[in-house]
4 protein chains.
Amino acid sequence: MSGSVYGTLFTIATWGESHGDGIGVVVDGCPAGLLLDEAYIQTYLDRRKPGQTKYSTPRKEEDKVVILSGVFEGRTTGTPISLTVYNENQRSGDYSKIASYYRPGHADYTFDQKYGFRDYRGGGRSSGRETIGRVAAGAIACAILQELGVQVKAYTRSIGPITIDPANLKLENISRSALCMPDLEASERAETYLLEQMTEHNSAGGIIECLVTGMPAGIGEPVFDKLDASLAKAIMSIGAVKGVEIGDGFHSATVTGAENNDPFYFDEKNGVTKTSNHAGGILGGISDGSDLILRAAIKPTPSIFRPQNTVNQDQENLEIQIHGRHDPIIVPRAVVVVEAMVAITLVDQLFVGMTSQLSKIKDFYHR
Amino acid sequence: MSGSVYGTLFTIATWGESHGDGIGVVVDGCPAGLLLDEAYIQTYLDRRKPGQTKYSTPRKEEDKVVILSGVFEGRTTGTPISLTVYNENQRSGDYSKIASYYRPGHADYTFDQKYGFRDYRGGGRSSGRETIGRVAAGAIACAILQELGVQVKAYTRSIGPITIDPANLKLENISRSALCMPDLEASERAETYLLEQMTEHNSAGGIIECLVTGMPAGIGEPVFDKLDASLAKAIMSIGAVKGVEIGDGFHSATVTGAENNDPFYFDEKNGVTKTSNHAGGILGGISDGSDLILRAAIKPTPSIFRPQNTVNQDQENLEIQIHGRHDPIIVPRAVVVVEAMVAITLVDQLFVGMTSQLSKIKDFYHR
Amino acid sequence: MSGSVYGTLFTIATWGESHGDGIGVVVDGCPAGLLLDEAYIQTYLDRRKPGQTKYSTPRKEEDKVVILSGVFEGRTTGTPISLTVYNENQRSGDYSKIASYYRPGHADYTFDQKYGFRDYRGGGRSSGRETIGRVAAGAIACAILQELGVQVKAYTRSIGPITIDPANLKLENISRSALCMPDLEASERAETYLLEQMTEHNSAGGIIECLVTGMPAGIGEPVFDKLDASLAKAIMSIGAVKGVEIGDGFHSATVTGAENNDPFYFDEKNGVTKTSNHAGGILGGISDGSDLILRAAIKPTPSIFRPQNTVNQDQENLEIQIHGRHDPIIVPRAVVVVEAMVAITLVDQLFVGMTSQLSKIKDFYHR
Amino acid sequence: MSGSVYGTLFTIATWGESHGDGIGVVVDGCPAGLLLDEAYIQTYLDRRKPGQTKYSTPRKEEDKVVILSGVFEGRTTGTPISLTVYNENQRSGDYSKIASYYRPGHADYTFDQKYGFRDYRGGGRSSGRETIGRVAAGAIACAILQELGVQVKAYTRSIGPITIDPANLKLENISRSALCMPDLEASERAETYLLEQMTEHNSAGGIIECLVTGMPAGIGEPVFDKLDASLAKAIMSIGAVKGVEIGDGFHSATVTGAENNDPFYFDEKNGVTKTSNHAGGILGGISDGSDLILRAAIKPTPSIFRPQNTVNQDQENLEIQIHGRHDPIIVPRAVVVVEAMVAITLVDQLFVGMTSQLSKIKDFYHR
């Protein structure tokens, strides 16, 4: 694979640059019979759209999606679904200055090293707009999961040094917080922190947490395609992510086995469950029927409005000043991207997981 | 893929259960002309062999590797290299008691949920012995990297609450520490901590850090097959890993852009470098020519010699007591596994990365 | 993979239905630096466009391609190239009658069996229009091959019972023949034959031959990804193809080893060559430096304007009469599709083949 | 992939050279619960074993298979199944002469071009012994198909110019014919023909036909992973195959649509069937519920005991005389290899095909 294709049975191929003619995705392997229309996918894209709060770039990007194939009479046909968002707000002039030098924290330098040259307008392929294809495909994946009783819900866990208090976590507050934080008190403090950074022409990062409920036990492949390994790749492939953890994650490295082990327990109502969930719903790379819990560390936006030292294509040292319209934080807009990548990965693994037992395959084929 | 095959061009397929007849790996896509023999591969396997310190299981496993194909007159031929380690110490009697119940923190329950039944002897396929195939293949990957000027070096960064002091980090101390810690003072404290846990029939986890030097810039595919995303999957696919981070990782989520951005700098001697390396050598999913730095969080060994609550296959709640010989910590033995998975991933990405520029392909084919 | 994605390093994902909003392809893995514009790709699409002779459907389909990504300042950037042809001539009314029954020789029945329902307009995804994406991607592959000194040339070898005389084969005649036959005398007889079939509301098939010159020796992977095996899949994946052969193909099964073996020969001017080419340029699945020769058997167009017996979705037997505008033969329009699939496959194998020798990899990375 | 790994969900990785220490295969993705032992797999390997008739090499190769993993208490566990055949009859001395020159019709030259050097003993990886891994994996695939009601049966259709009379075809005669021909009268004539070739130190080729019964309709992916495309690759990947056809194959290119179309027909007893089967059971790349029929053209054995012209590694022209023990025809021994490759491909496509319809996925997961 060459980087822009993802998945084994539920496969997505994304394309598009920030300032090209459009951005999109081809979803191959969506089963036939799913109700699907553009309005539904749009609800997901609108969640990553900029300009909705003062904490995101004031750029106006409508990002209207069109379905070009794979849907007939309101339902998916099983053939590839082509989704396109045409770019409409390409002010390339904003970016001409960055053509020759390498912005710190961005992929300008590495793209030039890899490809010899690059589409420098707005970051080109390395722009955050690349995630449009992921989110559109993720909307489809979420619709499939919904049919299978699985829900994926991500939210902002922390912004810079401000972290939610788990005791105050209310999922219904996510949409009430400008920062997608399910703890409104923390959200308020985080807004204050962010405004400080913006005043100082600085930027912030944070942590996104994702919760998956309704996941059946037994999903994930042992060894290399473990469920958590696949999720780690999915999440780390999102632009600014620098770390991924499952369940107690890095904290689990500091405790003892007696503290970290989750006892199994059976009762008639819930069947086999665990009395704690340090594992985050995955054991040996396979889902255990508990909620999946994972976290992604997002670095601060590298575009800051301060003088910075760097080099240019002619290998000259220089001081630059980035202009344009940039997010002081990308965490809130990345929440739906995390949901999308998790959902796409879960659908793929649920599909691959259908062939684990001969008896179930025989039942499927009525033999 | 069905879980035990990994890689695009440099592909490995591992097989084997803890108490089956053997464990091994088929390496497909190793280029022709690499000097290779069993003695070299054995040096890697010996690093994961148990019984070398009091902090690992006293089980005696010689784990002698044989090369069955793909090497002729001392060099690789370009065809698949089949490596086998025959199991010799299968005391299946030790494990018969665990056939019916699900050990907390292990994959017993999830394997049964996925496959309907399992080879319960010693954890079967979910045993740590599964990593033998990874390490053997990793030795080959490291030999290829060596030819390309790339070195991969992992070590123990922390054990439970004890972390190395970066100021004291000396790579040459790794082999002097029973725990593979490059800070001997921290290593001593960690040994004390571990002995306490062992006395209390408890276990510990820790963090492994991996450093890659000599990596050329421009390696990694944008979007889904980012270098860091591929490494995250590789590392998270190792049994007990619960978190992965690159560069400053989770810490970067707490700082500002001004603190986190790495300025580029040019001088004649070193060319373009960065004056700091918060990014851990990867920008936009592509190597930037700096050292790669990544960390893996390893959970404490789930096998502890205390009474634990769990359920059995008949859905009865019961208290169990695990017997047998188990590692009180797996971190030191997992160090070489991390190296192996990183090396395998880097080789694959270096190979895939050869087709990024048309002019280089033309040069390759002398056109 | 789920069927519409093809290739390992040079990967294409096609999408689109006959009467949907458009048809297209995403090409991932095209190296950076290739000169590319829409006019060039259009020349390939125009070769498969209908309505150019009386032997193809009189439907008017302009099939204008647009490039939506992956090209900047006239050159490819290494990122995915999205190509779209918007459908403009969807007279869905023509097809409403076929919604309920299964046309013999078409995929109506099998799509319903697989997916439960189908986009019945114009064959939906199983329409010959699906090949637009292949041809557009093939144009890019041909441009890459051109840079590497490789030419792919296909032509009609036979129509029904009329076969070209190899003694009369002149490649420059291909474009002079309404049927893409490089033997104009045979072409004339084939036209007569075709007109007879058209008068009788019948259709014809034929054989397409493809010649590849300039192919370097040593390309192709032993065992499963043999060059001929990959080409066989590529060719057989084209809608109406029922057979594929390399070199002497089925004829070689009837002769002796002494007749079929190609002696090697060396002279200063040409280096090592073969004094005959029964093998069609491939030995052991790897190119031998001779011309590649392969043939595809194309079945007669299943849409014939005669009463035919079939069943409908309600499992009723009935007699149907197909209406609409259909090709009496698809062979001439499929010539460029064969070229496209061969070119795409060769590019992928040329790319994969760059990692066969360690010494060449070291040279590539300047170590 | 690098050539020796095959399949999406049912994946096999083969390894081994003719005169190395062994030959084998790792089967990943076999579902749990299949009854499997070595004796069953051996019955398939014994069918390709040489020395059983005077028409195969008198080399003695026992080719005893051992199962090293993936089977527990007589059933597959869902984990990789490692199968090894240790080589026992490596008379490397026989082959030392061929180290320096390139045998016509063999892969000696192309391997050297690709890899720079080769294991020349007995053809190394390009030996017919490479198929041992395919046949062992094919035995497992056939066992799975048996559970799903699908039978794969191949036989010799022609030897040189001698073809079976379909009117005399009796499948029960296959095992009675020394050449696996289901028409004993044709088999007798073919034996006479072969003895003539052997007397003249020559060799012969032939055609293998494969019949699949019980295949459900709806299997195969449209576009690139068509069932016939996948089968074509599978068959063409077998060493000496130079052509593949489905149903009427190349003959269909010579007839009209009225002759080639298969009418559908419904009756209560058989449901929807076709009243003829020119299509060979596949329409639009998807199985139609009829028998699958395909044919493979096998070239004559290139090893003939006559003087032949060729070149050596020093680019000198020379006349060679091959010695050793070689099959005068490989068709009968390749019959089981064709069955194996067809079975492996069908299992993979049956598994991939389980995710075509959302409603069936919901049923599978009981939602």
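Computed from a predicted structure; not experimentally measured.
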Please identify which of these residues, D/Asp63, D/Leu83, D/Val25, meets the side-chain contact (heavy atoms from CB on, under 4.5 Å) condition with D/Ile132.
D/Asp63
Does the pair B/Asp108/B/Arg103 count as a salt bridge with the N-to-O cut at 4.0 Å?
yes
Most heavy-atom pairs under 4.5 angstrom with chain B, which of D/Gly124, D/Gly29, D/Gly78?
D/Gly78
Closest heavy-atom pair, B/Arg125 versus B/Ser4, reported as atoms and distance to 0.1 Å, is NH2-OG, 3.0 Å
When only pairs under 4.5 Å are counted, which of B/Leu68, B/Thr14, B/Thr84 shares the most heavy-atom pairs with chain D?
B/Leu68
Between CG on residue D/Asp348 and CD1 on residue D/Ile144, distance to nearest 0.5 Å
10.0 Å
Counting heavy-atom pairs under 4.5 Å to chain B, which of D/Gly70, D/Pro31, D/Pro80, D/Ala32 comes out on top?
D/Pro80
Interatomic distance, CD@B/Glu17 vs CZ@B/Arg118, rounded to 0.5 Å, equals 13.0 Å
Among the listed options B/Phe111, B/Phe72, B/Tyr115, B/Phe351, the residue most often paired with chain D at heavy-atom distances under 4.5 Å
B/Phe72
Contacting moiety of D/Ile67, where chain B heavy atoms sit under 4.5 Å
backbone
